[in-house]
Amino acid sequence: MTHETITSPLLAPARLGTHELANRLVVAPMTRTRAKRDGTPTPLMAEYYAQRATAGAIIAEAATPNAAGQTYPNITALHTDAHTDGWRQVTRAVRAAGGGPMFLQVQHGGRIGHPDTSGLTPMAPSPIPLPDPIHTPSGFQQAVTPREMTPDDIRRTIDDFARTARRAIEAGFAGVEVHSANGYLLHQFLAPGTNRRTDAYGGGIDNRIRFTTEVVAAVAAAIGAERTGLRVSPGKAVNGITETDTDGLYPALIEATGEDLAYLHIAFADPAQPLFARLRGLRTGTLIANPVLPAERIPADGGREAAERLLDAGADLIALGRPFLANPDLVDRIRTGAPVNAVRAEYTMYTGGPTGYTDYPTLNPADR
């Protein structure tokens, strides 16, 4: 079957710092829990990312910078030599497939963790438990109350982010994305609902952004600001997060992290919201935007219309998650207007193996 070639700004060449990209489409970071139990990436993961190498760039799924940061079973990590070697096989596979630059998202779960998973009591800005059950090796369990991080915990965690960033470069990544979104540790410091500290890391906006800005600064000092990205999700009530001052919080954060970063990545971006335009105006550098798509399905156009609206609103690159998850050849499907695969949600996480991971059909059977 042949399809009509579609002209879209998503398919135009672009740049990300010093990197030339074949198109403006980015594989968004998506936790898929296909690592080994200790967090080491597997050959199956190398296959998965290589299948999606036609994207302009890839942001690999969240890797924890220490054992305390582990969220769920079989998520990735990067704080041992085995982790570094495993990720090196992934980046080599993507390069061999002709892929563009690959960044690694670094994420600490904070209160989103469980002793049955990590062997440790989770740490968080304040001892406020996640209100929802959490997946553990024995299934879903009620979350435990985290212990409040001490000043030493904070300093060690910042250092761990920097060490993981250096390991990422050793493993062949172009850079790292500091994950300050989606209700994980850095976001927990930002949000007043999870941060009730009375020291320099709690209270007003300037204090609540301090931990994220110090992590970003440490990572940038370790590998260079031009290799450092930041992800945020303003106003997104996920993982029990509540924000009451979003419109003041994020402009202050973006201004405090500086103009020299490789990119700012806004998750769940809505071009109709004034805050999106304001954050765009605060940065002259690369802005990656992740559009809001229907939760129950992938749009028939693979997210193209929503992505193009974000480009029109000032985004430079578009990060797509589920469309790339179910369509390794999403770039070609957008180019030709071909139908897209639906996500097989029951295999998204916690199942392991290739089903719903590396076995999605492509337009060219030879690519499978």
Side-chain angles (χ1 to χ4, degrees), residues 29-41 59-84 86-87 103-130 134-137 141 143-168 171 173 176-191 194-195 201 211-212 214-216 218-219 222 228-233 238-241 349:
M30 293 173 286
T31 296
R32 301 301 309 278
T33 60
R34 258 70 174 191
K36 294 181 181 179
R37 185 171 183 176
D38 70 348
T40 300
I59 306 173
E61 65 202 84
T64 60
N66 54 36
Q70 184 177 5
T71 51
Y72 317 111
N74 299 102
I75 68 164
T76 67
L78 185 50
H79 51 86
T80 71
D81 290 345
H83 299 153
T84 304
W87 277 119
F103 281 69
L104 176 68
Q105 185 182 80
V106 184
Q107 168 199 285
H108 189 297
R111 68 176 185 169
I112 303 176
H114 197 280
D116 286 2
T117 301
S118 67
L120 301 168
T121 299
M123 298 186 300
S126 299
I128 303 170
L130 180 72
I134 185 170
H135 191 73
T136 74
Q141 297 189 51
V144 301
T145 299
R147 67 176 182 85
E148 181 170 301
M149 293 176 72
T150 67
D152 284 344
D153 290 329
I154 289 173
R155 284 190 290 271
R156 282 194 294 268
T157 302
I158 292 170
D159 289 343
D160 287 342
F161 268 87
R163 277 190 286 270
T164 288
R166 285 190 286 268
R167 282 187 177 274
F173 287 98
V176 304
E177 175 178 281
V178 175
H179 195 0
S180 189
N182 294 21
Y184 297 104
L185 180 63
L186 276 65
H187 199 180
Q188 292 161 28
F189 270 89
L190 295 178
T194 45
N195 182 350
Y201 292 91
F211 183 61
T212 292
E214 289 183 353
V215 169
V216 170
V219 169
T228 304
L230 172 65
R231 192 186 206 212
V232 296
S233 55
V238 62
N239 284 322
I241 284 291
M349 292 176 63

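Position 1 is the first residue of the sequence; numbering continues from there.
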Notebook entry, point to check: Does any N or O in the side chain of Thr194 come within less than 3.5 Å of the main-chain N or O of Gln188, such that one atom is a donor and the other an acceptor?
Noted result: yes

Check: Are any non-hydrogen side-chain atoms of Pro65 and Arg163 less than 4.5 angstrom apart?
Finding: no

Practice item. Run the numbers on Phe161 and Val216 for side chain to side chain contact (heavy atoms under 4.5 Å, CB included), then give the verdict. Key: CA-CA 9 Å; Phe161 268 87; Val216 170; over 6 Å; no

Heavy-atom closest pair (Thr71 atom, Gly109 atom, distance to 0.1 Å) is CG2-CA, 3.4 Å

### Query
Within the side chain of Asn195, is there an N or O that forms a donor-acceptor pair under 3.5 Å with the backbone of Tyr201?
yes

Thr80 meets the side-chain contact (heavy atoms from CB on, under 4.5 Å) criterion, sequence neighbours left out, with Ala82, His83

To the nearest 0.5 Å, atom OG1 of Thr40 lies from atom CG of Leu78 at 10.0 Å

When every non-hydrogen atom of Pro122 is compared with those of Val144, the smallest separation belongs to CD-CG2, 3.5 Å

Is any side-chain heavy atom of Arg147 closer than 4.5 Å to one of Asp153?
yes

Sequence neighbours excluded, the answer for side-chain contact (heavy atoms from CB on, under 4.5 Å) partners of Asp152 is Thr150, Arg155, Arg156

Report task. Check whether any side-chain heavy atom of Val215 lies under 4.5 Å from a side-chain heavy atom of Leu186, and answer yes or no. Result -> yes

With a 4.5 Å heavy-atom cut-off, do Ser233 and Ser180 have their side chains touching?
no

Tightest non-hydrogen contact, residues Glu61 and Met30, listed as CB-O, 3.2 Å

Residue pairs meeting side chain to side chain donor-acceptor pair (under 3.5 Å), one or both in residues 110-129, sequence neighbours left out, come to Asp116-Gln141

Does a side-chain heavy-atom distance below 4.5 Å link Leu230 with Thr212? yes

The reported gap from CZ in Arg37 to CG in Asn74 (rounded to nearest 0.5 angstrom) is 8.0 Å

*Quick check: does any side chain N or O of Thr76 sit under 3.5 Å from a backbone N or O of Pro41, one acting as donor and the other as acceptor?*
no

Heavy-atom nearest pair, Ala60 first then Pro29, reads O-CB, 3.6 Å

Between the CZ atom in Phe173 and the OG1 atom in Thr84, the distance rounded to the nearest 0.5 Å is 10.0 Å

When every non-hydrogen atom of His108 is compared with those of Gly110, the smallest separation belongs to ND1-N, 2.9 Å

dist Thr164:OG1 -> Asn66:CG (nearest 0.5 Å) comes out at 7.5 Å

Between the CE atom in Met349 and the OG1 atom in Thr33, the distance rounded to the nearest 0.5 Å is 5.0 Å

Separation between CD (Glu214) and CD1 (Ile154), nearest 0.5 Å, reads 8.0 Å

* For Asp81 and Arg167, what are the C-alpha separation, side-chain angles and deciding distance, and is it a side chain to side chain contact (heavy atoms under 4.5 Å, CB included)? -> CA-CA 9 Å; Asp81 290 345; Arg167 282 187 177 274; 3.1 Å; yes

ask   = Does the side chain to side chain contact (heavy atoms under 4.5 Å, CB included) test come out yes or no for Met149 and Leu185, once each step is laid out?
value = CA-CA 11 Å; Met149 293 176 72; Leu185 180 63; 3.8 Å; yes

Legend entry - Met123 vs Thr157, side chain to side chain contact (heavy atoms under 4.5 Å, CB included): CA-CA, chis, key distance, verdict: CA-CA 10 Å; Met123 298 186 300; Thr157 302; 4.1 Å; yes

| field | Within-4.5 Å side-chain heavy-atom neighbours: Arg231 and Tyr184 | value | no

Closest heavy-atom pair, Pro125 versus Glu148, reported as atoms and distance to 0.1 Å, is O-CG, 3.1 Å

